[in-house]
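What follows is a single structure, written as structure tokens, with notes after it.
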2 protein chains.
Amino acid sequence: MIDLKDAATFLRLCETANLTRTAALCNVSPSTLSRTLNKLEGILHTKLCLREKKGVFITEAGHKFESFARKALNEYAELEASLNNTVQSISGIVKIYCSVTASYLFIPRLLNELHLIAPNLEIKLETGDPAEALDKLEGEDIDFVISALPNEIPDNIKYVDLVTFPLILISPKKPLFSCETDLNSFDLSEVPFVMPEKGQLRNEVDKFFHSLESPPHIYSEVAGHEAIVSLTALGFGISVVPRLVYDISPFKNDVYVVKELPWSNFRVALCCLKNRAKLRSVKIIHDLALRVAPSFTPDLTRRRTDLSS
Amino acid sequence: MIDLKDAATFLRLCETANLTRTAALCNVSPSTLSRTLNKLEGILHTKLCLREKKGVFITEAGHKFESFARKALNEYAELEASLNNTVQSISGIVKIYCSVTASYLFIPRLLNELHLIAPNLEIKLETGDPAEALDKLEGEDIDFVISALPNEIPDNIKYVDLVTFPLILISPKKPLFSCETDLNSFDLSEVPFVMPEKGQLRNEVDKFFHSLESPPHIYSEVAGHEAIVSLTALGFGISVVPRLVYDISPFKNDVYVVKELPWSNFRVALCCLKNRAKLRSVKIIHDLALRVAPSFTPDLTRRRTDLSS
DNA sequence: TCTTTCATTGCAAAATTTGCAATATAAAAT
DNA sequence: ATTTTATATTGCAAATTTTGCAATGAAAGA
């Protein structure tokens with residue numbers, strides 16, 4: 001019989017239309033996902049999707065299953081809600097560290113839901129440079145961080161994907177100089193650059209310049225993604241930031257988006273240490289994120305599709 | 001996450017309110033069922049039922065889960081139907097052997113559903129003495145039998161419970177003799193008895209007389225349950241038959257039901273050989289039965305409850 | 001008090017699931 | 001045309017989970 005988890009997995013597959021990426025999103029290997037699909041199809045005696053190199057095409061039967069899955073999972077969510085699954089007993093403090101942008105985007109939803117579930121659980125929130133996030137997790141007494149995943153994910157952390165989005169190259173609108181021409185036509189190293197101090201964003205930027213084979217002319221190094229947009233808007237130089245940070249910045253209108261960086265996607269995830277994942281309070285939040293995460297991802301899907309076209 | 005199979009299991013538990021019996025119906029051990037419940041409760045962070053010696057009491061949360069399960073399983077059934085899960089490709093012949101009574105009760109529903117699923121699968125139906133059923137399964141080229149399960153279930157057969165019901169002692173209304181007085185007050189061995197030739201019914205009858213410590217006065221031995229009622233109605237003697245056979249007999253009005261035999265329940269199941277259970281056509285029917293079986297059992301529940309009061 | 005009935009747990013065997021690495025194959029890039 | 005990239009699937013061994021038996025415990029009934 002169908003496991004609702006598999007149903008949820010299939011829903012994600014329908015959104016991304018890509019087996020490998022879905023697998024990553026669900027924290028399983030592609031082979032496992034492949035076998036999950038086989039299992040589902042075996043149970044239902046029907047092909048649910050055609051899996052080709054070009055993409056995953058949901059069949060008619062697949063769409064029927066999709067709508068079943070959606071219904072069933074909604075009802076399951078209702079059930080959970082109606083069970084009023086409050087864990088009064090759980091109290092204490094959970095500390096979360098994240099960037100300001102993340103605090104705008106994810107924290108409200110997360111804490112809202114959390115309060116319904118565990119009203120006595122207190123949350124301490126600290127915002128700061130996301131570059132420090134993963135280190136904080138190991139060093140200090142932080143339970144969760146919201147962070148971009150590094151390419152090599154340390155195997156002592158457990159994570160839940162929240163969103164993935166591209167990095168963009170932005171330049172000031174101020175008349176410091178004009179960047180409206182094609183950026184590939186001149187040397188980026190001649191233009192002052194606002195560089196993130198460290199962290200995953202720094203890695204990606206380094207990678208970008210490495211691929212251009214022209215080192216950047218670093219004007220200033222900045223800690224904190226939001227500040228990068230601010231400095232750029234003030235005309236200090238061009239820079240690279242996650243699109244989300246740009247979208248939300250109050251200086252959005254003072255900068256141009258020059259282009260998206262290809263192959264540089266930011267996977268933002270809620271992370272905790274595997275050790276502590278067994279703690280009741282940590283587990284509750286992790287599970288909650290697992291449930292809520294898909295509602296953050298539609299953006300991702302649209303973006304992916306846009307990119308591929 | 002919830003597996004729909006566990007949800008179905010829970011529904012059955014709600015009906016029978018008895019863990020051990022539910023386990024038997026679901027073909028799992030009580031320990032497994034116990035653990036299944038723990039798992040469910042762990043996932044939902046709620047107690048679903050209080051399991052006491054006196055019986056299983058569904059909690060409020062349990063009832064919520066029950067209605068969720070019912071909804072979800074209905075939708076699943078709809079999905080299967082809408083997938084129009086016809087297996088055109090499957091053709092061939094499947095042979096089923098059962099009693100006439102079984103053919104009245106189960107076969108129509110079963111074949112109806114089967115035809116929707118596998119229209120090209122041909123069914124050969126043979127009715128006869130259920131005593132022979134299990135032997136036929138091993139000997140001849142019969143794929144399925146509907147049979148009462150023996151106390152020691154051979155481990156080369158796979159089965160799906162259909163119904164369970166009590167055996168009853170019946171006597172003719174004809175003026176051969178009157179049995180309206182308490183049967184325990186006179187010696188059963190003085191009364192002519194219509195004895196089933198062999199099979200599980202015979203075993204149960206033997207057990208009954210053994211417990212009375214008075215051997216029966218066997219008037220005749222008969223093959224086939226239905227014929228026993230007929231002979232009894234004609235005044236040949238008293239007899240023991242499954243209640244279901246009595247309920248359905250055209251001679252129902254010509255016999256009295258003296259009493260139910262305690263502890264003698266007939267578990268009727270659809271059986272096949274484990275070897276052949278892997279065959280596509282056999283598997284399809286087995287799965288179908290698994291799905292349809294619960295709709296036969298409410299009778300059982302009522303009966304059980306009646307008995308226990 | 002003794003027996004019966006029922007649900008739960010330790011434990012070891014059995015079954016299933018998992019991810020890695022290898023394979024295969026189509027599209028894209030050169 | 002050939003190489004490279006991206007993607008899905010399978011063999012296989014390890015890890016995890018599930019299972020049933022037998023033992024335990026605990027309440028109800030005789």
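In what follows, every heavy atom counts, from backbone to side chain, and hydrogens, waters and symmetry copies are set aside. Order of the sequence lines sets the chain letters (A, B, ...), proteins ahead of strands, with each chain counted from 1.
A residue-by-residue look at Ser29(A) and Glu52(B) shows that Glu52(B) has its nearest nucleotide of DNA chain C further toward the 5' end.
Picking from dT19(D), dT9(D), dT8(C) the nucleotide with the shortest atom distance to the side chain of Arg35(B) gives dT19(D). Between dA7(C), dC6(C), dC11(C), one nucleotide has an atom nearer to the side chain of Arg21(B) than all others, and that is dC6(C). For Val28(B), the side-chain atoms get nearest to dG20(D) when compared with the rest of dT9(C), dT9(D), dG20(D).
Arg70(B) is listed as a side-chain neighbour of Leu11(B), based on a closest heavy-atom distance under 4.5 Å.
Rounding to the nearest 0.5 Å gives a distance of 5.0 Å between CZ of Phe65(A) and CG of Leu40(A).
Between Thr20(A) and dA8(D), a side-chain N or O to OP1/OP2 separation shorter than 4.0 Å is present. The phosphate of dA8(D) (OP1 or OP2) has a side-chain N or O of Asn18(A) nearer than 4.0 angstrom. One finds a side-chain N or O of Arg51(A) lying less than 4.0 angstrom from the OP1 or OP2 phosphate oxygen of dT9(D). Contact annotation: Thr32(A) reaches the phosphate of dG19(C) (side-chain N/O to OP1 or OP2, under 4.0 Å).
Atom CD of Glu60(A) is surrounded by 12 or fewer heavy atoms from other residues, nucleotides or ligands within 6.0 Å.
Whole-Å rounding puts the Leu13(A) CG to dT9(D) C1' distance at 15 Å.
In this structure, the side chain of Thr59(A) engages the main chain of Lys47(A) through a donor-acceptor pair within 3.5 Å.
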